[in-house]
Protein chains: 2
Amino acid sequence: MGLIGTKWKPLILFHLLDGSLRSGLLQKKISGISNKMFTQTVRELEKDGLVSRKVFAVVPPKVEYKLSERGRSLENILRSLDT
Amino acid sequence: MGLIGTKWKPLILFHLLDGSLRSGLLQKKISGISNKMFTQTVRELEKDGLVSRKVFAVVPPKVEYKLSERGRSLENILRSLDT
DNA sequence: CTGTATCCTAGATGATACTG
DNA sequence: CAGTATCATCTAGGATACAG
């Protein structure tokens, strides 16, 4: 807990179960999340080592997120929480 | 989620995995919880049907809490969240 | 497109005192 | 012992505007 004990962490992780996603697309999937919370939450997940962030040096900017090994280890729990 | 998405719900449920407990004892096991939050949270858990509350008509008052069937169904998740 | 910076509010939680 | 009532506080979260 603490790792997923927030309103958005579980949802973000859940949507990454199927593979990596571009920042914008991921955010769009999380219906109702504010831009602020999206960035903030993803950063925390990255800091906790559950998600990895990959930045492409292109223009316009491109960023992809995906579950890390540790993130994958929560797959069972995430699918249980589902909803 | 919503069922266990709070600071205390998981802990209370966790401590009931081993069996029923008297109110005071249960609260004492949840280190750091205020009296207010304890009662409030336990009431919500009861309302959600995860915990059952049994009152004994004795003096001094005695109340016991235990997991309901539905509460037990979360056992796996709870043990995973552990910590 | 992706991310940062503010300002602001509702709800969650804590501390304390009190009742049956 | 168990629970309620208040009041004060803290913080997650939302809205908005702006920057690289």
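Keep in mind that what you see is a predicted model, and the values were worked out from it rather than measured. Just so it is clear: chains get the letters A, B, ... in the order the sequence lines come, proteins before strands, and each one is counted from 1.
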Would you check if A/L67 and A/L50 make a side-chain contact, meaning some heavy-atom pair closer than 4.5 Å?
no

Please state how far atom CG in B/N35 lies from atom C1' in C/dA17, giving the value in whole angstrom units.
11 Å

Can you sort out which residues in residues 19-32 of chain A have a heavy atom within less than 4.0 Å of DNA chain C? Ascending by number, please.
A/R22, A/S23, A/G24

Could you walk me through whether B/V42 and B/V51 satisfy the side chain to side chain contact (heavy atoms under 4.5 Å, CB included) test, starting with their C-alpha distance in whole Å, then the side-chain angles of each, then the deciding distance to 0.1 Å, before giving a yes or no?
CA-CA 8 Å; B/V42 137; B/V51 164; 5.6 Å; no

Nearest-0.5 Å distance, CG of residue A/L21 to CD of residue A/Q27
12.0 Å

Between P on C/dT6 and CE on A/M37, what's the gap in Å once rounded to a whole number?
18 Å

Quick one: does A/L3's side chain get under 4.5 Å of A/R70's, heavy atoms only?
yes

Please evaluate residues A/E69 and A/R72 with respect to the criterion salt bridge (charged side-chain N to carboxylate O under 4.0 Å, His left out), reporting the C-alpha separation (whole Å), side-chain torsions for both, the decisive distance (0.1 Å), and the verdict.
CA-CA 5 Å; A/E69 276 308 307; A/R72 286 240 162 269; over 6 Å; no

Just call it for A/F56: base, sugar-phosphate, or nothing, with non-hydrogen atoms closer than 4.0 Å on any strand.
nothing

Tell me which of B/K7 and A/Q40 sits closer to the 5' end of DNA chain C, going by the nucleotide each one is nearest to.
A/Q40

Which atom names give the shortest non-hydrogen contact between A/F38 and A/S23, and what distance separates them?
CE2-OG, 3.4 Å

How bent is the helix from C/dC1-D/dG20 to C/dG20-D/dC1, measuring the angle between the end axes built from five pairs each, rounded to 10°?
40°

Tell me which of A/P61 and B/P61 sits closer to the 5' end of DNA chain C, going by the nucleotide each one is nearest to.
A/P61

How far apart are the closest heavy atoms of A/L26 and A/H15, and which atoms are they?
CD1-CB, 3.9 Å

